[in-house]
Amino acid sequence: MAEKEIQVVQNIFDENDRIAFATQEKLGKMGVFVVNIMGAPGAGKTSSIINLIRQLSENKVYVIEGDIESDIDTVKLKELGIEAIQINTNGACHLDAPTIQSSLDGLSFDKPGLLFIENIGNLVCPAEFQIGEHIKMLICSAAEGSDKPYKYPLAFEKADVILLTKCDLKTYVDFNDEFFLKGVRALNKTAPVFEVNAKTGQGFEDVAGWLLQKKG
């Protein structure tokens, strides 16, 4: 009988996605809603998390901080009384599902609530990997310019919600609202876009309300 060679090509993301789904399912059964925070360095990811936690004061909140090297943000969160743990990737540009799964024992999960996972500051790789989240939140600052959706389409395409931070700088950086929103809607017709200001807290009450609705 003649032998026939069959080539099997497996999606390199399959194993990552299997672990991500297991994490999502496990935390979901515990009543923990997981938010994957994506954004460029300096966009305001940690400041947004802190402002959201203030608005979610009646809910238990946990944080996993992803950073290439430092633990500056985790120290800041712990000083505010927030239960947080640090992951340092030592050069890797994104978090992945196995890394998140292995870090879960570092948090108590003693109550239902929300888990914010601050991904590595990068608008490319984090959008490609599921890590066990229920939603992806994209943080984008006005200071980065209104052309971000055109330059980094995948992050905007994958986002379930978009926060435009540092809106008080719009007039100083010639931010073009119409151009920005046109770019967003060409990629993503459903994700709500919230304008927020971490210094004043403006806009975060609405984001927190939206999160609680999604959490259910």
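All figures in this text were calculated on a predicted structure; none of them were measured in a lab.
- Applying the side chain to side chain donor-acceptor pair (under 3.5 Å) definition to pairs two or more places apart or across chains, those involving residues 65-85 are T46-D73, K60-E83, D67-S70, T74-Q86, E83-S108.
- Here the shortest heavy-atom pairing between A20 and A97 reads N-CB, 3.6 Å.
- Of the inter-residue distances, the one linking L114 atom CG with N59 atom CG reads 6.0 Å to the nearest 0.5 angstrom.
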Item to complete: Let me see the working for N176 and K182 under side-chain contact (heavy atoms from CB on, under 4.5 Å), right down to the final yes or no.
Response: CA-CA 10 Å; N176 186 324; K182 183 180 178 181; over 6 Å; no
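- Panel note: side chain N122, backbone C93; a donor-acceptor pair is recorded below 3.5 Å.
- The main-chain N or O of C167 is never found under 3.5 Å from a side-chain atom of N197 such that the two would form a donor-acceptor pair.
- Nearest approach of S48 to T165, heavy atoms of both residues: OG-CG2, 3.7 Å.
- Of the possible polar contacts, none joining the N88 side chain to the N90 backbone as a donor-acceptor pair under 3.5 Å is found.
- Note on residues 134-151: pairs passing salt bridge (Lys or Arg N to Asp or Glu O under 4.0 Å), not counting sequence neighbours, are E133-K136, D147-K151.
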Worksheet item: Can you list the steps and then say if V161 with L138 is a side-chain contact (heavy atoms from CB on, under 4.5 Å)?
Response: CA-CA 6 Å; V161 57; L138 177 61; over 6 Å; no
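- Not a single salt bridge (charged side-chain N to carboxylate O under 4.0 Å, His left out) links R185 to another residue, sequence neighbours left out.
- The number of heavy-atom neighbours closer than 6.0 Å to CD1 of I72, taken from other residues, nucleotides and ligands shown, is 12 or below.
- A 6.0 Å sphere centred on CD of E128 holds more than 12 heavy atoms belonging to other residues, nucleotides or ligands.
- L154 belongs to no hydrophobic cluster with other residues, because no ILVMFWY side-chain heavy atom falls under 4.5 Å from its own, directly or through intermediates.
- Applying the ring pair (Phe, Tyr, Trp, His ring centres under 6.0 Å) criterion to F116, with sequence neighbours excluded, gives no partner residue.
- Atom CD1 in I50 sits 12.5 Å away from atom NZ in K45 (nearest 0.5 Å).
- Taking each heavy atom of P192 and D160 in turn, the nearest pair found is CD-O, 3.3 Å.
- For K158, the NZ atom sits in a loose shell: 12 or fewer heavy atoms of surrounding residues, nucleotides or ligands are nearer than 6.0 Å.
- You'll find the side chain of L115 stays beyond 4.5 Å of the side chain of V63, heavy atoms only.
- With sequence neighbours left out, the salt bridge (charged side-chain N to carboxylate O under 4.0 Å, His left out) criterion links D177 to K170.
- Residues in residues 33-77 take part in these ring-ring contact (aromatic ring centres under 6.0 Å, His included) pairs, two or more places apart or across chains: F33-H134, Y62-F109.
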Side-chain donor-acceptor pairs under 3.5 Å in residues 204-214, sequence neighbours left out?
none

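- Residue pairs that meet the ring-ring contact (aromatic ring centres under 6.0 Å, His included) test with at least one member in residues 139-166, sequence neighbours left out, are Y150-F179.
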Worksheet item: Step by step, would you call N36 with I135 a side-chain contact (heavy atoms from CB on, under 4.5 Å)?
Response: CA-CA 6 Å; N36 180 1; I135 65 164; over 6 Å; no
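- Side-chain heavy atoms closer than 4.5 Å link hydrophobic residues (I, L, V, M, F, W, Y) into clusters, and following such links, possibly through other members, connects M137 to I82.
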Discussion item. Please evaluate residues I117 and I37 with respect to the criterion side-chain contact (heavy atoms from CB on, under 4.5 Å), reporting the C-alpha separation (whole Å), side-chain torsions for both, the decisive distance (0.1 Å), and the verdict.
Written reply: CA-CA 6 Å; I117 303 175; I37 308 283; over 6 Å; no
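- Annotation: side chain of T23 is not in contact with side chain of V34 (no heavy-atom distance under 4.5 Å).
- For the pair C140/L163, no side-chain contact is recorded, criterion being any heavy-atom separation below 4.5 Å from C-beta on.
- In the hydrophobic cluster analysis, where Ile, Leu, Val, Met, Phe, Trp and Tyr join through side-chain heavy atoms closer than 4.5 angstrom, L123 is grouped together with L181.
- Residue L169 shares its hydrophobic cluster (ILVMFWY side chains chained together at separations under 4.5 Å) with Y172.
- Under the 4.5 angstrom side-chain criterion for Ile, Leu, Val, Met, Phe, Trp and Tyr, I19 has no cluster partners at all.
- The CG atom of D110 lies 10.0 Å from the CG atom of L107; values are rounded to the nearest 0.5 Å.
- Taken together through direct or relayed side-chain contacts under 4.5 Å among Ile, Leu, Val, Met, Phe, Trp and Tyr, I85 and L27 form part of one hydrophobic cluster.
- Summarising the geometry, atom CD1 belonging to I131 is positioned 4.5 Å from atom CD1 belonging to I100; distances are rounded to the nearest 0.5 Å.
- Between the CG atom in D105 and the OG atom in S103 there is a gap of 8.5 Å [rounded to 0.5 Å].
- V184 and V124 fall within the same hydrophobic cluster, defined by Ile, Leu, Val, Met, Phe, Trp and Tyr side-chain heavy atoms under 4.5 Å apart, directly or through other members.
- D96 is linked by a side-chain hydrogen bond (donor to acceptor under 3.5 Å, both in side chains) to T99, counting only residues two or more places apart in sequence or in another chain.
- Residues V61 and I49 have side chains not in contact (no heavy-atom distance under 4.5 Å, counting atoms from C-beta outward).
- Side-chain contact check for N188 versus E157: every heavy-atom pair is 4.5 Å or farther apart.
- The two residues A155 and A127 have their closest heavy-atom pair at CA-CB, 3.8 Å.
- Taking both residues in full, the closest heavy atoms of A43 and S141 are given as O-CB, 3.7 Å, listed atom of the first, atom of the second, then distance.
- Residues L164 and V196 have side chains not in contact (no heavy-atom distance under 4.5 Å, counting atoms from C-beta outward).
- Between the side chain of N16 and the backbone N or O of Q130, at least one donor-acceptor pair lies under 3.5 Å.
- For the atom pair CG (N51) and NZ (K199), the distance works out to 12.5 Å, reported to the nearest 0.5 Å.
- Summarising the geometry of N119 relative to L95, their closest heavy-atom pair is OD1-N, 3.0 Å, with the distance given to 0.1 Å.
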